[in-house]
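In what follows, a structure is listed as structure tokens, so that the remarks can point back to it.
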2 protein chains.
Amino acid sequence: MNSELLLREHDLKVTPQRLGILSLMKIKGHVDVEELFLTMKKQFSSISLATLYKNVNAMLEKQLITEIKAPKLKAKYEIVKEPHIHLLCKECNEFVDLDINLETLIDDASKKSNYQLEESCVVLSGLCEKCQTN
Amino acid sequence: MNSELLLREHDLKVTPQRLGILSLMKIKGHVDVEELFLTMKKQFSSISLATLYKNVNAMLEKQLITEIKAPKLKAKYEIVKEPHIHLLCKECNEFVDLDINLETLIDDASKKSNYQLEESCVVLSGLCEKCQTN
DNA sequence: GCTTAAAAGATAATTATTATCCTTTGATAA
DNA sequence: TTATCAAAGGATAATAATTATCTTTTAAGC
């Protein structure tokens, strides 16, 4: 979806910096704040780290993006989509999405626990195909 | 299992501080470093934060404990056990284990991705039973 | 074009974590 | 059981990550 619309729908003002952040997330999938900062600097030479933190937090609050945390990994951010699995390679740190449907698992967990579940953070880690042979 | 044995089996020296850490994890399930520090201080009044960080890191390396990270939550640590689900209540911050077997999910993910998976960090969050009615 | 609240930028402050250095202690073997 | 020594503990400095504060700039509605 159009980033401008995405922002408006989440009650966030449209600014060039925010458009840049979303555009980067669309291209790279997951980004951490440092990546954001380094990449954004090329386009907005005077951008401040504070701006990035503030925007990430605002977007989190409005549930436009979601945060993924996992052992040995900086917090990463991605645009909200269906619950899915994140795969992390411990060797090369490749970090990718795997679109296995988690509905069944979540429903199951919800029934067994009586929790009303809204959000998932599922990270499986190990070795990617390449790193297994090396 | 006996904490002393647990430490030895993981090539870690047995110290009173380490026994204290494990004992706390056995009682509380998950702990973060701050909790560790505050609780341990009662027993070891001169314990240093550095000791806790160093021990947590040593135990992580030896795979005696595992780290759970999730949005809006400090890193928590627990003694290694079978892959399972963590439930987090966004309202009261209750954080509990749910023993749903994740083998099938992990096998599935492994097949689809060709990753050799070793570790899981699965956190589902929402509202616990109590907080739904309030 | 104005107006205004919100966002951006600069930077200080805070918090979390790691590094360093010296002292103490657990494990081993004489 | 005690002597040895590498490893662990404790104190604290250093670093990294994040948040807070304040001033300037800008997006959005009239």
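Just so it is clear, the structure is predicted and the values come from calculations on it, not from any experiment. Throughout, protein chains are lettered first and strands after them, A, B, ... in sequence-line order, and every chain is numbered starting at 1.
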Mind calculating the distance between [atom1] ([X]) and [atom2] ([N]) to the nearest angstrom?
X	N	atom1	atom2	result
B/Glu67	C/dT17	CD	C1'	11 Å
A/Lys41	C/dG9	NZ	P	10 Å
A/Lys54	D/dT24	NZ	C1'	11 Å
A/Met59	C/dA8	CE	P	8 Å
A/Lys74	D/dT18	NZ	C1'	12 Å
B/Leu49	C/dT17	CG	C1'	9 Å
B/Asn57	D/dG9	CG	C1'	15 Å
B/Tyr53	D/dA17	OH	P	14 Å

- Exam field: side chain A/Ser113 to backbone A/Ala109, donor-acceptor pair closer than 3.5 Å: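 Answer holds: yes.
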- Item | Contact summary for B/His84 and B/Glu82, nearest pair of heavy atoms | ND1-O, 2.6 Å
- Considering non-hydrogen atoms only, spot the tightest contact between A/Leu102 and A/Pro83 and give its length.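 Scanning both residues, the minimum pair turns out to be CD1-C, 3.9 Å.
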- Query: Below 4.0 angstrom, N of the basic side chain to O of the carboxylate: do B/Lys90 and A/Glu118 qualify?
  - Reply: yes
Please determine, for the side chain of [X], which listed nucleotide ([options]) has the closest atom?
X	options	value
A/Ala50	D/dG10, C/dT11, D/dA28	C/dT11
B/Thr15	D/dG9, C/dA8, D/dA28	D/dG9
A/Lys13	C/dA8, D/dA8, C/dA6	C/dA6
B/Arg8	D/dT19, C/dA27, D/dA11	C/dA27

- Base, sugar-phosphate alone, or nothing: which one does A/Ser46 contact when heavy atoms must sit under 4.0 Å apart? sugar-phosphate
- Item | Nucleic acid contacts - residues 17-40 of chain B versus DNA chain D, non-hydrogen atoms under 4.0 Å | B/Gln17, B/Arg18
- Task: Kindly write out the residues that satisfy salt bridge (Lys or Arg N to Asp or Glu O under 4.0 Å) with B/Lys81, not counting sequence neighbours, or none if the list is empty.
- Result: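 Checked B/Lys81 against salt bridge (Lys or Arg N to Asp or Glu O under 4.0 Å); matches are B/Asp97, B/Asp99.
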- Note on the structure: In this structure, NZ of B/Lys69 is separated from CD of A/Glu67 (nearest 0.5 Å) by 10.0 Å
- Task: Apply the side-chain contact (heavy atoms from CB on, under 4.5 Å) test between A/His30 and each candidate in A/Leu73, A/Ile79, A/Ile68; give the one that qualifies.
- Result: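 When A/Leu73, A/Ile79, A/Ile68 are each tested with A/His30, the side-chain contact (heavy atoms from CB on, under 4.5 Å) holds only for A/Ile68.
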- Item | Phosphate OP1/OP2 of D/dA8 contacted by B/Asn55 side-chain N/O (<4.0 Å) | no
- Under 4.0 Å between a side-chain N/O of B/Thr51 and OP1 or OP2 of D/dG10, yes or no? yes
- Task: Select from A/Pro16 and B/Val14 the residue whose nearest nucleotide in DNA chain C is closer to the 5' end of that strand.
- Result: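 Final value for this comparison: A/Pro16.
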